[in-house]
Q: 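Sharing a structure, written as structure tokens. Questions coming.
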Amino acid sequence: MAWITVKEAFKTAPGPAVTIKGWIRTRRDSKADGGLSFLAVSDGTCHDAIQVVARADLPNYADIAKLTTGCAVEVEGTLVESQGQGQAVEVQASAVKVAGWVDDPDTYPVPQKRHTFEYLREVAHLRVRTNTFGAVARVRHTLAAAIHRFFDEREFYYIHTPIITGSDCEGAGEMFRVSTLDMVNCPRTPGGEPDFAEDFFGKESHLTVSGQLNVETYCQALSRVYTFGPTFRAENSNTSRHLAEFWMVEPEIAFADLAADAALAEEMVKYLLDDLLTKRPDDMAFFDLRIEKGLLDRLKGVIEKPFRILPYTEAIEILQKANVKFEFPVAWGKDMQSEHERYLTEQHFKQPVTVINYPKAIKAFYMRVNDPGTDGAPADTVAAMDVLVPGVGELIGGSQREERLDVLDARIDEMGLHKPDYWWYRDLRRYGTCPHAGFGLGFERLMLFCTGMQNIRDVIPFPRAPKQAEF
RNA sequence: UCCCCGAUAGCUCAAUGGUAGAGCGAGCGGCUGUUAACCGCUAGGUUCCUGGUUCGAGCCCAGGUCGGGGAGCCA
């Protein structure tokens with residue numbers, strides 16, 4: 001008897017003998033026809049559970065009648081056309097073997113009832129057994145696979161940039177230290193500071209906050225590259241859009257400017273949405289029905305319309321003219337607040353907006369300095385871009401990189417950074433430099449955008465956030 | 001880190017400073033080719049922690065812990 005997945009079973013015509021293995025979602029009993037039980041069995045391979053009909057003449061029916069939500073079972077039977085409403089096929093069981101009971105149904109953390117997401121976070125090891133978190137897990141996989149396929153189809157190479165970094169020059173926020181030093185009796189320098197020369201790497205090391213600087217080196221040889229891996233920020237961020245450990249997609253393209261970068265970002269987002277709608281119609285219909293009404297229409301709209309490319313200088317003008325009372329003032333040269341970004345993408349344009357050419361003073365040292373007067377800006381700008389999307393805010397941040405060594409050095413000095421730390425990054429500008437650009441896409445933010453889920457802690461299996469690393 | 005809100009049964013929430021309740025879930029029974037099933041019965045409590053006010057605290061006060069919403073940092 002062939003063991004097939006529930007997903008396969010739904011695609012199979014009635015008739016064959018099959019074995020199904022999975023976990024009980026619900027059990028319903030009937031005394032009709034001499035007695036029978038209906039078991040909804042899920043194996044997670046697709047959104048729906050399959051109905052198993054277990055008749056009272058099965059030798060272990062007394063056990064079957066005690067099955068509760070969460071029990072693991074192996075069912076042998078025949079795939080048949082369903083006699084009832086609500087499903088096309090079901091399994092008429094010839095044997096139901098109980099692989100694992102639920103100890104105490106009264107305290108099983110995820111019985112078949114409504115749960116809040118806040119509660120389910122406390123039982124993250126079991127929450128994936130619910131409809132929502134099963135769907136999240138499958139969508140997450142589908143998007144991740146689509147990312148690799150998108151780049152592979154375009155001759156990008158996947159670069160495994162390091163998780164541990166010895167350079168303290170990534171400049172994208174607080175970092176987690178990686179150390180094997182004895183924290184209680186740590187070796188000290190004569191000055192009394194911890195002596196990192198004695199540490200594992202012989203220097204102070206941290207978890208990466210971005211793969212960008214490393215991936216730029218491979219870009220300068222392989223032309224089109226990307227990295228997709230975990231990223232760590234030790235910021236004390238307590239929001240529904242930040243994690244201490246998150247996954248980031250960072251492509252880097254050689255002989256490319258900001259326009260090419262923005263075009264790549266847009267093409268990628270649309271490719272991913274289209275692939276998701278094609279490959280996961282069951283889960284996406286669930287999100288549309290239960291999580292965000294109108295989700296499917298919203299995503300289809302994103303695929304169809306071009307992103308709005310909006311110079312920062314123009315964005316400020318729109319915000320200043322807006323008939324809305326903002327909590328924070330709008331002024332050229334200031335970074336846009338969340339409320340400003342949300343206004344642009346949610347109220348004014350009602351679609352994804354790519355804001356480009358930000359003031360130099362508020363952006364990172366590696367972003368390429370624009371020619372004076374770009375977009376009619378009153379001061380220097382850099383070729384940076386942020387892709388803002390409704391409901392999430394900043395989905396992507398990127399830029400054309402400064403490829404001119406003299407300009408880069410001036411920026412490093414200007415920002416008070418320690419030039420020798422950047423020796424290998426500067427080398428790229430000495431040995432055959434070329435214009436190049438790239439961006440970072442927050443994978444969990446993409447998940448929020450695609451599923452309509454509200455909290456970023458609910459779109460990653462085991463969220464890492466301040467005071468949260470239980471599982 | 002800042003502002004606001006919250007913590008009571010397994011879960012979601014009620015309860016004027018005076019005997020702690022409901023819905024869902026769970027157990028048992030009834031009914032039904034059932035499917036958000038339905039009907040009946042039953043069990044289930046250190047009211048987050050520490051201290052204070054009071055004859056008496058789930059309720060008032062102080063501190064803490066944890067959670068949620070918003071902000072900052074950003075992806």
Q: Check every strand shown and say whether A:Glu250 touches a base, only sugar-phosphate, or nothing at a heavy-atom separation below 4.0 Å.
A: nothing
Q: Hey, does A:Gln112 reach any base, or is it just sugar-phosphate, or nothing, if we go heavy atoms under 4.0 Å?
A: sugar-phosphate
Q: Under 4.0 Å between any heavy atoms, over every strand shown, what does A:Gly84 touch: base, sugar-phosphate, or nothing? Just pick one.
A: base
Q: What distance, rounded to whole Å, do you find between the two P atoms, one in B:C60 and one in B:C5?
A: 13 Å
Q: In whole Å, what separates the P atom of B:C38 from that of B:U1?
A: 46 Å
Q: With rounding to whole Å, what would you report as the distance between B:U8 and B:A14 at their C1' atoms?
A: 9 Å
Q: Measure from the ring centre of A:Tyr108 to the centre of the six-membered ring in the base of B:G10, then say whether that distance is under 5.5 Å and the planes meet at under 30°.
A: no
Q: Could you let me know what B:U12 is paired to, Watson-Crick or G-U wobble, both distances under 3.5 Å, or none if it's on its own?
A: B:A22
Q: Are any of A:Asn455's side-chain N or O atoms less than 4.0 Å away from OP1 or OP2 of B:G69?
A: yes
Q: So do A:Arg140 and A:Pro461 actually touch side chain to side chain, heavy atoms under 4.5 Å?
A: yes
Q: Between A:Phe228 and A:Phe151 (judged by ring centroids, cut-off 6.0 Å), do the two rings come close enough to count as a pair?
A: no
Q: Using atom C1' of each nucleotide, how far apart are B:C31 and B:G67 to the nearest Å?
A: 43 Å
Q: Tell me which one of A:Ile318, A:Val324, A:Leu319 satisfies side-chain contact (heavy atoms from CB on, under 4.5 Å) with A:Val330.
A: A:Leu319
Q: Take atom CD of A:Glu470 and atom P of B:G67, then tell me their distance rounded to the nearest Å.
A: 11 Å
Q: What's the closest nucleotide to the A:Thr68 side chain, out of B:A75, B:G27, B:G67?
A: B:G27
Q: Please give, in whole Å, the distance from B:U1 P to A:Asn238 CG?
A: 8 Å
Q: Give one of base, sugar-phosphate or nothing for A:Thr116, where a contact means two heavy atoms less than 4.0 Å apart.
A: sugar-phosphate
Q: Within the pair A:Gln337 and B:G72, is there a side-chain N or O less than 4.0 Å away from OP1 or OP2?
A: yes
Q: Counting heavy atoms from C-beta on, name the nucleotide in B:U34, B:G25, B:U1 closest to the side chain of A:Gln87.
A: B:U34
Q: Could you work out the separation of B:U42 and B:C24 based on their P atoms and round it to a whole Å?
A: 15 Å
Q: Below 3.5 Å, does any donor atom in the side chain of A:Asp29 face an acceptor in the base of B:U32, or the other way round?
A: no
Q: Does the B:U1 base have a donor-acceptor partner in the side chain of A:Glu235 within less than 3.5 Å?
A: no
Q: Just checking A:Glu90: base, sugar-phosphate only, or nothing, at a heavy-atom cut-off of under 4.0 Å?
A: base
Q: Between B:A9 and B:G21, how far is it from one C1' atom to the other, in whole Å?
A: 10 Å
Q: Rounded to whole angstrom, note down the C1' distance from B:C4 over to B:G40.
A: 46 Å
Q: Between P on B:C74 and CZ on A:Phe443, what's the gap in Å once rounded to a whole number?
A: 23 Å
Q: Using heavy-atom distances to pick each residue's nearest nucleotide on RNA chain B, tell me which of A:Arg457 and A:Glu394 is more 5'.
A: A:Arg457
Q: Does A:Glu118 contact B:U12 through a side-chain donor or acceptor facing the base, at a distance under 3.5 Å?
A: no
Q: Would one find more than 12 heavy atoms of other residues, nucleotides or ligands at under 6.0 Å from atom OH of A:Tyr157?
A: no
Q: Have a look at A:Arg27 and say if it touches a base, only the backbone sugar-phosphate, or nothing, with a 4.0 Å heavy-atom cut-off.
A: nothing
Q: Under 3.5 Å, is there any donor-acceptor pair linking the side chain of A:Arg114 to the base of B:A36?
A: no
Q: For A:Val249, which contact category applies under a 4.0 Å heavy-atom criterion: base, sugar-phosphate, or nothing?
A: nothing
Q: Taking atom C1' in both B:G58 and B:C49, compute the distance separating them and give it to the nearest angstrom.
A: 15 Å
Q: NA contact type, A:Leu395, heavy-atom cut-off 4.0 Å: base, sugar-phosphate, or nothing?
A: sugar-phosphate
Q: Just wondering, do A:Leu120 and A:Phe133 contact through their side chains at under 4.5 Å, heavy atoms?
A: yes
Q: Counting Watson-Crick and G-U wobble pairs only, both distances under 3.5 Å, name the nucleotide matched with B:C38, or none.
A: B:G30
Q: With both distances under 3.5 Å as the test, what is the Watson-Crick or G-U wobble partner of B:G6?
A: B:C66
Q: In whole Å, what is the span from the CD atom of A:Glu327 to the C1' atom of B:C2?
A: 12 Å
Q: Would you say A:Ser338 reaches B:G72's phosphate, i.e. side-chain N/O to OP1/OP2 under 4.0 Å?
A: yes
Q: Measure from NE2 on A:His340 to C1' on B:A71 and round the result to the nearest Å.
A: 12 Å
Q: Let me know, please, whether A:Gln468 or A:Ile456 comes out on the 5' side of the other along RNA chain B by nearest nucleotide.
A: A:Gln468
Q: Let me know the distance between OH of A:Tyr119 and P of B:U12, rounded to the nearest Å.
A: 8 Å
Q: What about A:Tyr218 and A:Tyr158, are their ring centers closer than 6.0 Å?
A: no
Q: Step by step, work out the side-chain hydrogen bond (donor to acceptor under 3.5 Å, both in side chains) result for A:Ser37 and A:Tyr61.
A: CA-CA 9 Å; A:Ser37 290; A:Tyr61 185 72; 2.7 Å; yes
Q: Any side-chain N or O of A:Ser240 below 4.0 angstrom from OP1/OP2 of B:G70?
A: yes
Q: At under 4.0 Å, does any side-chain N or O of A:Arg445 touch on OP1 or OP2 of B:C74?
A: no
Q: Between atom CZ in A:Arg127 and atom C1' in B:G10, what is the gap in whole Å?
A: 19 Å
Q: Does B:C60 pair with anything, Watson-Crick or G-U wobble, both distances under 3.5 Å, and if so, with which nucleotide?
A: B:G52
Q: Tell me, please, whether A:Phe232 has A:Arg464 positioned over its six-membered ring: NZ or CZ under 6.0 Å from the ring centre and within 45 degrees of its axis?
A: no
Q: Can you check whether any acceptor in the base of B:C38 is under 3.5 Å from a donor in the side chain of A:Arg28, or vice versa?
A: no
Q: Would you check if there is a donor-acceptor pair between the side chains of A:Glu216 and A:His436 at a distance under 3.5 Å?
A: yes
Q: Check whether the side chain of A:Lys31 and the base of B:C31 form a donor-acceptor pair under 3.5 Å.
A: no
Q: How many whole angstroms separate atom CD of A:Glu341 from atom C1' of B:A75?
A: 11 Å
